[in-house]
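Just below is one structure, and these are the notes that go with it.
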Amino acid sequence: MKINENYRSLETSYLFSQVAAKKAAYQAAHPDQRILSLGIGDVTRPLPTPVVQAFTEAVLDQGDPSRFHGYGPEQGYDFLKESIQQYYRRFGVELPIDDLFISDGAKCDLGNILDLFDTDNTVLIPDPVYPVYRDTNQMAGRRIAYLPAGPENGFLPMPDPDQKADIIYLCSPNNPTGAVYTKAQLAEWVDYANKQGAVILFDAAYEAFVTSPELPHSIYEIEGARECAIEVCSLSKTAGFTGTRCGYTVVPQELIRGGLSLRAMWLRRQTTKFNGVSYPVQRAAAAAFSDEGMAACQEVLSIYRSNARLMHEALEQAGIWHTGGIHSPYLWMKCPHGLSSWEFFDQLLEKAQVIGTPGCGFGTNGEGFFRLTAFGTPEDTAEAMERIRKFL
Ligand code: PLP
């Protein structure tokens, strides 16, 4: 037999496993020290109360013969899809219900959607960005061209009309930099993709952190996007679903490539390889989109936002160049004294017992930068920033 040789081109371990391994090794060597983590982008607040109530009730349904649910629709229950439809109306987007596909999270959808595309395609990936885009395409052996992002373009690379592209990843608000595309900038991407016959994979995992009414939450706020864009989103960071697992993907009816409907292809793929998200999780997710649920989620987000403000102030006081943290839970800082990302990581762990994420893990342009997350508890965030301030 032959293995998938493309796996040889991957770095040996996924970024966050590397961070976790370093943390574990340091803790084992210094068992009395308390390490504070502003590293991995996991949330710390539990599921909001209305979500827990709906979840609990649905679990009880599963134990009652008259309310029990077996296999559901692979693409998700209408009750959840309707609540997502309703949510999109808040920013003026009308989604046909059949465009929506419920899943167990954005990461799986981002990997699985590639089933629809040949390996003989050129993929455009911003650098730095969420490493899953790069790794999933490397696994399939696709050609990758990177879109350099840096302070000079506000970490928001724009299309080059002479560059050929088939699949384009956009992540806004961006992980790790926190940069957000304006509607005008997204319109340029949509125009470019339509001219090229390319498909945009738009990752909106952090859309709920957008606070300015002028900034887009969804690529479908842009005219022409239904002809070229797939949107992937998640309840992980907005409703605390990192351990509960629920996300969704929008594949518009109008998206046709090679004479085939990508929506029909995705439905075919999901009904063949996926058996749906559990009924209680979908009930819990629908509760997150109710008025009560949304208000409870916003309360949690305001805790993370206030952490981000505190982090910004501490970095400002220390005179460290940084960006993000406004429409995003991530602050993106320049490593001091010209240190590399991993050098700064090691020093911060050794001297301040604080964990962050080395920017180089998000791409070569992330070298020399560092990501801090606002998902910690307010107490740990305050203590971590005090330690960072002293160390700097
Ligand atoms: N997309 C981005 C940009 C992310 O940062 C993350 C998680 O950190 C995901 C997707 C994955 O989300 P999920 O938990 O729904 O798989």
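We're numbering straight along the sequence, starting at 1. Atoms within a ligand are numbered from 1 in the order they appear, just like the ligands themselves.
- Atom 2 (C) of ligand 1 has its closest protein heavy atom at Asp203 OD2, 3.3 Å.
- Judged purely by atom type and a 3.5 angstrom limit, Asn307 uses its side chain to pair as donor or acceptor with the backbone of Gly376.
- Counting atoms of ligand 1 from 1 in the listed order, those under 4.0 Å from a heavy atom of Arg245 are 13 (P), 14 (O), 15 (O), 16 (O).
- When each atom of ligand 1 is checked for a heavy atom of Asn175 under 4.0 Å away, the hits are 3 (C), 4 (C), 5 (O).
- Residues Tyr146 and Asn365 bring no donor and acceptor atom of their side chains to less than 3.5 Å of each other.
- Scanning the protein heavy atoms around atom 7 (C) of ligand 1, the nearest turns out to be Lys237 NZ, 3.2 Å.
- Considering both main-chain and side-chain atoms, Lys107 comes within under 3.5 Å of ligand 1 through a nitrogen or oxygen pair.
- Residue contacts with ligand 1: Cys171 is included, with a non-hydrogen atom under 4.0 Å away.
- In this structure, the side-chain hydrogen bond (donor to acceptor under 3.5 Å, both in side chains) partners of Arg226, at least two apart in sequence or on a different chain, are Asp99, Glu254.
- Checked against the 6.0 Å centroid criterion, the rings of Phe369 and Phe362 do not qualify as a close aromatic pair.
- Short contacts between ligand 1 and Ser234, defined as distances under 4.0 Å to a heavy atom of the residue, involve ligand atoms 12 (O), 13 (P), 15 (O).
- For the residue pair Tyr192 and Gln163, no side-chain donor N or O sits within less than 3.5 Å of a side-chain acceptor on the partner.
- Distance alone, capped at 3.5 Å, is enough to place a donor-acceptor pair between the His69 side chain and the Arg67 backbone.
- Looking only at protein heavy atoms, the nearest one to atom 14 (O) of ligand 1 is Ser236 OG, 2.6 Å.
- Remark: ligand 1 and Ala106 share an N or O pair separated by less than 3.5 Å (distance only, no angle test).
- The side chain to side chain donor-acceptor pair (under 3.5 Å) with Asn112 is formed by just one residue from the set Lys273, Arg269, Lys107; it is Arg269.
- For Thr242, the heavy-atom gap to ligand 1 stays at 4.0 angstrom or more.
- In Tyr206, the part holding a heavy atom less than 4.0 Å from any atom of ligand 1 is the side chain.
- Looking from atom 11 (C) of ligand 1 to the surrounding protein, the closest heavy atom is Tyr130 OH, 3.3 Å.
- Of the N and O atoms on the side chains of Glu292 and Ser290, not one donor lies less than 3.5 Å from an acceptor on the other residue.
- Atoms of ligand 1 lying under 4.0 Å from any heavy atom of Ala205, numbered from 1 in the order shown and given with element: 1 (N), 2 (C).
- Asp32 meets the salt bridge (Lys or Arg N to Asp or Glu O under 4.0 Å) test with no other residue; sequence neighbours excluded.
- Ligand 1 has no nitrogen or oxygen under 3.5 angstrom from a nitrogen or oxygen of Tyr330.
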